[in-house]
Amino acid sequence: MLDRKVDRIADPWGERTPYAAGEPWPVRVDGYLADGLTDDDVDGWFQSASVLHSNGDAMDVAVKDGRIVGVRGRAVDRVNHGRLDPKDLYGWQANHSRDRLTRPLVRDGDRLVETDWDTAMDRIVARSKALLDGPGGWGHFGFYTSGQLFLEEYYTLGVIGKAGLGTPHMDGNTRLCTATAAAAMKASFGTDGQPGSYTDVDHCDAIALWGHNVAETQTVLWMRMLDRRRGPNPPAMLAVDPRSTAVTREADVHLAVRNGTNLALLNGLLREIIRRGWVDEGYVAAHTIGFDELCAVVDGYPPARVADICDVPAADVERAAELLGTSRRVLSTVLQGFYQSNQATAASCAVNNLHLVRGMLGRPGAGLYQMNGQPTAQNTRETGADGDLPGLRNWDNPEHIRQLAELWNVEPATIPHWAPPTHAMQIFRYAEQGSIKLLWISATNPAVSLPDLARIRRVLRRPELFVVVQDLFLTETAELADVVLPAATWAEKTGTFTSVDRTVHLSEKAVEPPGEARPDLDIFLDYARRMDFRDRDGAPLIPWKDPEAAFEAWKACSAGRPCDYTGITYDRLRGGSGIQWPCTEANPGGAERLYTDGVFNTDPDYCETYGHDLATGAEFTAQEYRARQPGGRAFLHAVDYQPSPEVTSDEYPMLLTTGRTVYQFHTRTKTGRAPQLDAAAPDAWVELSAGDADRLGIVEGDLVGVASPRAAIQARARIGRIRPGVVFVPFHYGYFDVALADRTPRAANELTVTAWDPVSKQPIFKVAAVAVGKLAGAGGVPSPAPTVGGSAPLDPAVPPTAGGPAAAATSRTGGH
Ligand SMILES: Nc1nc2c(c(=O)[nH]1)N[C@H]1C(S)=C(S)[C@@H](COP(=O)(O)OP(=O)(O)OC[C@H]3O[C@@H](n4cnc5c(=O)[nH]c(N)nc54)[C@H](O)[C@@H]3O)O[C@H]1N2
Ligand SMILES: Nc1nc2c(c(=O)[nH]1)N[C@H]1C(S)=C(S)[C@@H](COP(=O)(O)OP(=O)(O)OC[C@H]3O[C@@H](n4cnc5c(=O)[nH]c(N)nc54)[C@H](O)[C@@H]3O)O[C@H]1N2
Ligand SMILES: [Mo]
């Protein structure tokens, strides 16, 4: 066994443990304990998994004197084999931040004042009852939740909304995150549910990363990919991203497409694969429908046309097609470069097409991850706390509604199902127009994360709108609320959640929450009790009182559906590895891969949607769907490329794209309060290519203004290797910051456009038109952008990002 000290700020990925195809990924146990403590100082370890991305990295939380003092990866877990990401190593410190909310707050004029729970809940319940009993009833309620609560919490919230109040206006921030993953899997395979398994990395001979900066956003998954790349018979790698990132620099083929053109590229790649005879004809004939239509559409995308639309060399398009067409086991991962870009669902379905025509599904190495982003986004979708129904049921299928009505013992008519559930962008529209009068926001910070922030602030400030915010901190959003509820969080409450590859983990309560903060589950249950929601027989609608009982109730809801949890118990999740769904008593080990037999969930009685026209978003009826007789075959979707809703002009000549850095999570409420992470990327920046910077007279560190048709922001320039004509701004930085009294606009979302994909309704955060200009000189000081990852500077004189002794983490290899 070898113990090393590693500065995981300077080196987010740690040392390599190379391995060959088909071998198990070696164990490496990462850990970090504060204040020079050692394992001997720890009073107890509590099992959990990461909540700062969707990878599901399993860890134990170290507790001493009732406080968290560190974390350690779990070697036995199938997901991470002991490894942890920098955010997970250092991010837990936010739990003990002195500015945690410890008491409820209620609005008193233009101030928020502390109060007790009864007063705060009474205000919400009084408003709820008045609205529910008045004209318009349930139509006035909107719920905007998260991808960061636990399964039990979402399921409870879902039942409150659907069977208690009967409102269709409930969605998660998963709409901004992985709505397209769900939409693309439903459209191609019939239901949500990742076909692949992380072990596909161990077997593949090519990896294609579609708009996914996995090195910074699923750091441990990237370690696995890198370890294969450094071992014998490494997989080939293709990356599609307009920026230069650690991923694109590692890739054998990098297509730095113009943002907003993914579908043209995919159509071109599919055309090459079909023309050059790389199609698995047997698989296509047996397991898909729509091949002829697909051929007809993609035929219009020869390499020269793709090169023109995407602005990449035609020869590189051909090289990419060859890499995909000649590998025997291709693994694809798709994320925000597709989901938040133009034609999101159609482009993501085109990746599904690629796997279908090559027969690259359901066997080791031939994997597909329509990725998640947030740790528990999968559960928001499964439990119906977003715009879906619980158990991946179809809102338009009366039998599915009947099943839920039976389960909850309510009238089917109570459960909203006359139209699809309302998506988040529409919920905010209704709040803006005044039909939604109570908006309950849990575990999300829309005043930083939604597009066009001036508008969002305007909506949340409307005096007619009663806003409830349930959070750990007084965020930009909480500041605008009428009632603020202090929540307990990860490690202060118990619950389960599910990672990208369907692995379910249990997260145990390790410490007490601060002050009067309460678990979100308790808050929702308290609301249900005070509202006195009843079933058909007059019994309480929600009989469960704790997480484990909520989990058991959810299991009954999941039975017989693709996400079947009936074989999982809290006890089975303790001690060993997480377990993949579907997991039944007959199959207690869970399922490594879906669709191993080529039979998809497209049966009309089983599927989650009757589908859409992917170009327009128009919905198909049950009749139209049945007429296609899918019979367990997957759908190949063929859609023509269309330009983004906002394109460049003389006034706004550059394309904006936005995204992440490895050190920060979202709006930084946690990572901004962890000293090592905060210091590594303390403020916003603007990434520019050298050519654009020269033309605009900008050098590294200059203060620049970025203006879109909506607003303008200021930040320091990082001159890097991004595609010319494109600027990148990280979306992490709101105007409210623990250490920042200055409220000069710096949030990327001041700039972004209110526009969304017609099918998934996911906002387009990755394409907007902007103008960039210099405001002030740098005086030789570089921008605050990290030198690691996508923001690496061209100028070698910029001092490298490092964490120093405060970031000394441990890394143990060679053990078992
Ligand atoms: N460190 C860190 N990790 C995280 C998170 C975090 O905030 N910080 N958040 C988690 C969550 S919720 C999510 S959703 C994931 C997101 O994970 P990713 O999707 O990997 O992250 P992003 O940086 O949003 O976008 C990825 C890449 O898309 C590229 N891109 C932009 N426009 C286009 C385009 O039109 N086409 C293509 N092909 N690419 C484009 C960007 O240049 C960027 O490098 O990360 C998760 N992990
Ligand atoms: N321009 C641009 N905008 C984007 C994106 C982009 O790439 N570009 N990405 C989008 C994506 S993918 C995402 S996922 C969203 C993320 O956007 P948000 O969801 O707004 O981001 P977070 O900062 O994670 O907000 C989560 C909030 O929940 C609180 N919280 C954490 N744990 C708990 C808990 O246990 N209980 C309660 N009650 N509260 C808790 C945190 O303090 C925080 O305020 O942003 C989206 N916005
Ligand atoms: Mo996300």
Side-chain angles (χ1 to χ4, degrees), residues 127 131 135-147 157 161-162 165-180 182-183 339-340 342 344-345 380 384-388 395 416-442 444-469 476-477 480-482 612 616-619 644-646 708-711 731 747 749-768:
R127 181 63 70 110
L131 289 173
W138 50 258
H140 300 311
F141 291 78
F143 290 84
Y144 183 48
T145 189
S146 186
L157 181 63
K162 287 167 182 66
L165 294 164
T167 178
H169 310 320
M170 180 181 290
D171 200 2
N173 67 356
T174 44
R175 187 63 59 185
L176 322 181
C177 184
T178 54
T180 303
Y339 298 170
Q340 296 173 341
N342 189 35
T345 306
T380 322
D386 68 342
D388 287 303
W395 65 269
H417 65 281
W418 52 92
T422 315
H423 62 90
M425 299 303 287
Q426 188 64 32
I427 289 176
F428 275 83
R429 182 85 184 120
Y430 288 155
E432 183 173 43
Q433 292 169 326
S435 69
I436 286 184
K437 299 184 193 301
L438 187 158
L439 182 59
W440 190 325
I441 299 169
S442 47
T444 180
N445 189 8
V448 182
S449 55
L450 279 176
D452 191 359
L453 291 181
R455 170 176 174 255
I456 298 304
R457 287 190 292 265
R458 222 165 36 237
V459 173
L460 294 174
R461 279 203 184 105
R462 290 185 78 245
E464 302 80 5
L465 181 68
F466 186 82
V467 178
V468 181
V469 170
E476 291 86 345
T477 307
L480 305 175
D482 294 283
H612 301 78
T616 63
E619 285 176 45
S644 219
E646 188 163 282
S708 81
R710 274 116 354 238
F731 88 99
N749 281 324
E750 307 285 355
L751 304 172
T752 46
V753 58
T754 301
W756 54 81
D757 180 69
V759 182
S760 69
K761 316 292 193 282
Q762 186 159 348
I764 301 179
F765 289 116
K766 296 284 192 259
V767 199

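The figures here come from the full heavy-atom set of this structure, side chains too, leaving out hydrogens, waters and symmetry mates.
In this model, no donor atom of one side chain and acceptor atom of the other lie less than 3.5 Å apart for Ser146 and Thr444. Side chain to side chain, Asp757 and Thr345 meet the donor-acceptor criterion of an N or O pair below 3.5 Å.
If you take CD on Glu646 and OG1 on Thr752, they are separated by 9.5 Å, rounding to the nearest 0.5 Å. For the atom pair Phe731 CZ and Leu453 CG, the distance stands at 11.0 Å (nearest 0.5 Å). From Phe765, atom CZ reaches atom SG of Cys177 across 10.0 Å, with rounding to the nearest 0.5 Å. Atom-to-atom distance recorded for Asp386:CG and Thr145:OG1 is 10.0 Å, nearest 0.5 angstrom. Distance check: Ser708 OG to Glu750 CD gives 9.5 Å after rounding to the nearest 0.5 Å. Atom-to-atom distance recorded for Glu464:CD and Ser435:OG is 12.5 Å, nearest 0.5 angstrom.
Side-chain contact between Arg175 and Lys761: present, with at least one pair of heavy atoms (C-beta onward) separated by less than 4.5 Å. No side-chain heavy atom of Pro421 sits less than 4.5 Å from a side-chain heavy atom of Asp388. Counting heavy atoms from C-beta on, the side chains of Trp138 and Pro168 come closer than 4.5 Å. Counting heavy atoms from C-beta outward, Leu751 and Arg710 have side chains that stay 4.5 Å or more apart. Residues Met170 and Lys162 are in side-chain contact: their nearest non-hydrogen atoms beyond the backbone lie under 4.5 Å apart. Counting heavy atoms from C-beta outward, Ile427 and Leu439 have side chains that approach closer than 4.5 Å. Side-chain atoms of Phe466 and Lys437, non-hydrogen and from C-beta on, never get closer than 4.5 Å to each other. Proximity of His612 to Pro758: side-chain heavy atoms (C-beta onward) are nowhere separated by under 4.5 Å.
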With side-chain contact (heavy atoms from CB on, under 4.5 Å) as the test, would you mind laying out the steps for Arg429 and His423 before giving the verdict?
CA-CA 10 Å; Arg429 182 85 184 120; His423 62 90; over 6 Å; no

Stepwise side-chain contact (heavy atoms from CB on, under 4.5 Å) check, Leu450 with Leu176:
CA-CA 8 Å; Leu450 279 176; Leu176 322 181; 3.5 Å; yes

For a side-chain contact (heavy atoms from CB on, under 4.5 Å) check, start with the C-alpha distance between Asp452 and Asn749, then their side-chain angles and the critical distance, and finish with the verdict.
CA-CA 6 Å; Asp452 191 359; Asn749 281 324; over 6 Å; no

Would you check, one step at a time, whether the test side-chain contact (heavy atoms from CB on, under 4.5 Å) holds for Tyr430 with Thr422?
CA-CA 10 Å; Tyr430 288 155; Thr422 315; 3.7 Å; yes

Let's go through Thr477 and Asn445 carefully: what are the C-alpha distance in whole Å and the side-chain angles of both, what is the deciding distance for side-chain hydrogen bond (donor to acceptor under 3.5 Å, both in side chains) to 0.1 Å, and is it a yes or a no?
CA-CA 6 Å; Thr477 307; Asn445 189 8; 2.5 Å; yes

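Applying the ring-ring contact (aromatic ring centres under 6.0 Å, His included) criterion to His417, with sequence neighbours excluded, gives no partner residue. With sequence neighbours excluded, no residue satisfies ring-ring contact (aromatic ring centres under 6.0 Å, His included) with Phe141. For the ring-ring contact (aromatic ring centres under 6.0 Å, His included) test, no residue two or more places apart in sequence or in another chain qualifies with His140.
Taking both residues in full, the closest heavy atoms of Glu476 and Val448 are given as CD-CG2, 3.3 Å, listed atom of the first, atom of the second, then distance. Closest of all the heavy-atom pairs between Ala447 and Leu460 is CB-CD1, 4.5 Å. The minimum heavy-atom distance linking Val467 with Leu480 is given by the pair CB-O, 4.4 Å. In this structure, Leu438 and Leu131 approach most closely via the heavy-atom pair CB-CD1, 3.7 Å. What you find for Val759 and Ala183 is that their closest heavy atoms are CG1-CB, 4.4 Å. Between Gly139 and Ile436, the shortest heavy-atom distance links the atoms O-CG1, 3.9 Å.
The aromatic rings of Phe428 and Tyr144 sit perpendicular, their planes meeting at an angle over 60°, well past the 30° parallel limit.
Partner Glu432 forms a salt bridge (charged side-chain N to carboxylate O under 4.0 Å, His left out) with one of Arg455, Arg461, Arg462 and no other, that one being Arg455. Residue Pro645 forms a side chain to side chain contact (heavy atoms under 4.5 Å, CB included) with just one option from Ile764, Val753, Val767, and that option is Ile764.
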